[in-house]
Amino acid sequence: MSLFEEYDPLKGKMFQILKPDGTLDPGQKPPISDQETLALYQKMVFIRLADQRCLSLQRMGRFGTYAPIWGQEACQVGSASVLKKGDWVFPAFREIGATLIMGIPLKNFLLYWMGDEMGSRAPEGINVMPVSIPVGSQTLHAVGAAWGAKLKGDKVVAIVYLGDGATSEGDFHEAMNFAGVFKAPVIFFCQNNQYAISVPRSMQTASKTLAQKAIAYGFDGIQVDGNDLFGVMRVTREAVEKAGSGEGPTFIEGVTFRFGPHTTADDPTKYRTEKEIEPWKPLDPLVRLRLYLKGKSLWSEEVEQRITEEAQKEIDQAVKDAEAVPPPTVEDIFKYVFAEMTPPLKEQLEYLKSTLK
Ligand SMILES: Cc1ncc(C[n+]2csc(CCOP(=O)(O)OP(=O)(O)O)c2C)c(N)n1
Ligand SMILES: [Mg+2]
């Protein structure tokens, strides 16, 4: 029986390898070695610290806005770390983890949120698409890229990150339908973080799980503990292999929790109680992995201090580098709409310039 048959979402079973106490589920093995686990833990620490820095930069007025990952690191690190370099990645707007794992420099990521679209430009050979602010639209782009790759015979897959709220968008359903019909090599990675801004999961859909939505479109859906790095890796790897062998799409629901605000523009205490957050705290993906590594004598306070210091140094440098880039000019808003600026655009640019004098 395949993993997807065994964890058919209609049976209501969620896949998990690493339990919250840091021990393994009986009968399950970690998908990577202990040394690889330590290396990914280090990346997760880096991502959490970079995320905190982004929040601070926004609070100091050095970022426009920001959507923190805090709590969702295992979903993103676990899924992106099983991809190959040429695979297509379509992020939503909360994807610092997947973005950095795919090799986008932190400097680029920072630049984007500082308001410079050059930050969206991926280095050659890294197929990470720009942030998608419109909820769910990136699912269509991913299916298109996956289908295109299939037609061209490129041995790559596309993965698209979306939230629980995005599953209520029309775009999402069109993408799911198209992916199923054309057996596109695409993975829908849905981070069910329980909220779409202030709207709780219970108000989003009457479906028991989000994973079961895949069934209506004729392909596999699976619910995985999204705070379990090992579980996420195993499920995503299986989906990648399936897509690579021509068996089409998979929908993965990573069950997780957003500890922070939706973005720096909202105050979660207005719609979420402390009582609701409390049970998620011990499920923190970093805490769990730390317990596992400690059990293997690979984690100690000293190790934590060393990787924290290394990370902070690298983050400091990336912030310096990003802030050293001259800010975009007023012309940049108009210059790239068409290959050549149209007369109305030229007129508008002159008008804006005159008002800024
Ligand atoms: C098409 C569209 N509608 C509404 C919004 C405003 N909006 C931004 S994020 C968001 C909620 C998204 O929730 P979810 O998909 O669960 O992702 P999460 O923010 O939890 O990661 C909404 C409604 C938008 N950006 N685009
Ligand atoms: Mg959400």
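As the structure lists them, so they are numbered: ligands from 1, and atoms in each ligand from 1. Just so you know, residue 1 is the first one in the sequence shown, and it goes up from there.
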K.L.:
Write down, by chain and number, every protein residue that brings a non-hydrogen atom to less than 4.0 Å from an atom of ligand 1.
P.N.:
Phe93, Arg94, Ile133, Pro134, Val135, Gly163, Asp164, Gly165, Ala166, Glu169, Asn193, Tyr195, Ala196, Ile197, His262
K.L.:
Salt-bridged, Glu274 to Lys281, with N to O below 4.0 Å?
P.N.:
yes
K.L.:
Under 3.5 Å, is there a donor-acceptor pair linking the side chains of Gln35 and Ser33?
P.N.:
no
K.L.:
From the Mg ion (ligand 2) out to just under 2.8 Å, does an N/O/S atom of Asn193 turn up?
P.N.:
yes
K.L.:
Salt bridge between Asp332 and Lys335, side-chain N to carboxylate O under 4.0 Å?
P.N.:
yes
K.L.:
Is any NZ, NE, NH1 or NH2 atom of the basic residue among Asp228 and Lys19 found under 4.0 Å from an Asp or Glu carboxylate oxygen of the other?
P.N.:
no
K.L.:
What heavy-atom pair brings Phe4 and Thr250 nearest, and what distance separates the two atoms?
P.N.:
CE2-CG2, 3.7 Å
K.L.:
May I ask you to say whether Arg234 pairs ionically with Glu238, meaning some side-chain N is under 4.0 Å from a carboxylate O?
P.N.:
yes
K.L.:
When you check the side-chain N and O atoms of Glu253 and Gln212, is any donor under 3.5 Å from an acceptor?
P.N.:
no
K.L.:
Measuring from the Mg ion (ligand 2), name the closest N, O or S atom belonging to Asp164.
P.N.:
OD1
K.L.:
Does the shortest distance from the Mg ion (ligand 2) to an N/O/S atom of Tyr195 fall below 2.8 Å?
P.N.:
yes
